[in-house]
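Keep in mind it's a predicted model, so treat the numbers as computed, not measured. Computation of the quantities below employed the complete heavy-atom set of this structure, encompassing side-chain atoms and omitting hydrogens, waters and symmetry-equivalent molecules.
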Amino acid sequence: TEIYTLSLHDALPIWGVAVMRRVLVLGVASATAVATDEEKLGNTGVAKVVELLSGMKADAEKEAQEEKKVFAKYEQWATGTIEELKGAIEGGKTDIESFKATKVSMKARASEMAAAIDENTAKLTELESAKEAKEADKAKANKEFAELKAEYDTNIAAVGKAIDILKAQKDIAFPQLSTALLQVKSEMTGKARELTTMLLQQAPGMKTYETSSGGVIEMIEGLKDRFTEELYAAQKTHAETIGNLMTVITNLNGQSKNEKAQMKRNQATMQKANAASAKAAEEQKEQEGVTEADEKDRKSTRLNSSHLCNL
């Protein structure tokens, strides 16, 4: 296995030992060569040592050349790795800033939606309050009209009863008229009672009333017609009032429906923004860990490469 494929931690001591061994061999070989020259090869044992050391020197020089080739390959790998890590680090930092920006913008978007939801809630409360007020107005109008209608129905019935009594007699003298009107008055309420009282006040000036003349009966029938007209007018006014209130209530219901739909959309947007912000924060943290590891690897690779160059 070529040495540049080893880890940097393992490569350094191997190269260190090899270099020290070569230095020792070459030094000893050189010293022995000098000694050989001085002794002129007079000693056979020394000649063998010289021969052995010369062989070791040749092996060491050959090994040195091989190691230079291996180191050249390692240096090429280290240079490429350092540049690759540099690019990865720069790209990682760019990604980190992008994740930060996304995290901040999505968090701001979520806050914006939270404020919008608060506005939706306040608006819905306002609309509901307005609706309740209009519903109360409608209930009040219905109650008042029901009471008014009951009063008119009673008065119209009482006047009709009086007309029936008067029409049943041929001639009507004042006492009978007063008795009939008093009976009708006792059954009436409100304005009808007041009008009957006015009629009784006018009755003493009348001596006798024939049904054929229609004098008294026409007066009482006129009273009935008046009550009927007033009831009709009251019904018309009540119908218009209820119609207007229902229009307002329907409009308020529509606004509430739209506001609820908008609030639902705002809630969905806020949830997505919060999720995006959380994801960006997680990706930022992960990328920071990767970039930190790349920076350590780059620093370690440069340091080890520098050490090997100095061996």
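Between Lys279 and Glu282, every side-chain heavy-atom pair lies at or beyond the 4.5 Å cut-off. Using a 4.5 Å cut-off on side-chain heavy atoms (C-beta onward), Glu66 and Lys69 make contact.
The two residues Met106 and Ala276 have their closest heavy-atom pair at CG-CB, 3.6 Å. The shortest heavy-atom contact between Ala130 and Leu252 is C-CD1, 3.7 Å. Nearest heavy atom pair, residue Asn266 against residue Asn120, reads ND2-OD1, 2.8 Å. Nearest heavy-atom pair across Ala110 and Ala273 is N-CB, 3.8 Å. Nearest heavy atoms, Ala280 versus Lys103: CB-N, 3.7 Å. Considering all non-hydrogen atoms of both residues, Gln287 and Ile96 come closest at CG-CG1, 3.6 Å.
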Apply the test side chain to side chain contact (heavy atoms under 4.5 Å, CB included) to residues Lys296 and Lys299: give CA-CA distance (whole Å), side-chain angles for both, the deciding distance (0.1 Å), then the verdict.
CA-CA 5 Å; Lys296 288 181 178 179; Lys299 181 178 180 181; 5.8 Å; no
Before you tell me yes or no, could you show the steps for Asp153 and Lys149 under salt bridge (charged side-chain N to carboxylate O under 4.0 Å, His left out), namely the whole-Å CA-CA distance, both residues' side-chain angles and the distance that decides it to 0.1 Å?
CA-CA 6 Å; Asp153 287 342; Lys149 184 176 183 300; 3.0 Å; yes
Run the numbers on Met113 and Gln267 for side chain to side chain contact (heavy atoms under 4.5 Å, CB included), then give the verdict.
CA-CA 7 Å; Met113 289 299 99; Gln267 289 172 336; over 6 Å; no
Go through it in stages, so that I can follow the logic: the residues are Lys131 and Lys134, the test is side chain to side chain contact (heavy atoms under 4.5 Å, CB included), and I'd like the CA-CA distance, side-chain angles, deciding distance and then a yes or no.
CA-CA 5 Å; Lys131 178 186 173 183; Lys134 294 303 177 183; 5.8 Å; no
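To the nearest 0.5 Å, the span separating CD on Glu230 from CG on Asn155 amounts to 9.5 Å. Within the model, atoms CD of Glu295 and CD of Glu292 stand 7.5 Å from one another, a figure rounded to the nearest 0.5 Å. Atom CD of Glu286 is separated from atom OG1 of Thr291 by 10.5 Å, given to the nearest 0.5 angstrom. Atom CD of residue Glu128 and atom CD of residue Glu132 lie 5.0 Å apart, to the nearest 0.5 angstrom. One distance of note links NZ of Lys138 with CE of Met246; it measures 4.5 Å at 0.5 Å rounding. Atoms CG and CD, from Leu124 and Gln255 in turn, are 10.5 Å apart once rounded to the nearest 0.5 Å.
Residues Phe227 and Leu148 share a single hydrophobic cluster, defined by chaining ILVMFWY side chains whose heavy atoms lie under 4.5 Å apart. Tyr74 and Ile82 fall into different hydrophobic clusters, where Ile, Leu, Val, Met, Phe, Trp and Tyr are joined by side-chain heavy atoms under 4.5 Å apart, directly or via other members. Follow the hydrophobic side-chain contacts under 4.5 Å out from Met263 and you never reach Leu127; the two are in separate clusters.
Gln262 and Asn258 share no side-chain donor-acceptor pair at under 3.5 Å. For the residue pair Asn244 and Glu240, no side-chain donor N or O sits within less than 3.5 Å of a side-chain acceptor on the partner. Between the side chains of Gln284 and Glu288, at least one donor N or O sits under 3.5 Å from an acceptor N or O.
Within the 3.5 Å criterion, the main-chain N or O of Lys224 finds a donor-acceptor partner in the side chain of Thr228. At least one donor-acceptor pair under 3.5 Å links the side chain of Thr241 to the backbone N or O of Thr237. The closest donor-acceptor contact from the side chain of Asn251 to the backbone of Thr247 lies at 3.5 Å or more, if one exists at all. Although no hydrogens or angles enter the test, the distance criterion places a donor-acceptor pair under 3.5 Å between the side chain of Ser111 and the main chain of Lys107.
The number of heavy-atom neighbours closer than 6.0 Å to CD of Glu112, taken from other residues, nucleotides and ligands shown, is above 12. Residue-environment remark: CD (Glu84) stays at or below the threshold of 12 foreign heavy atoms within 6.0 Å.
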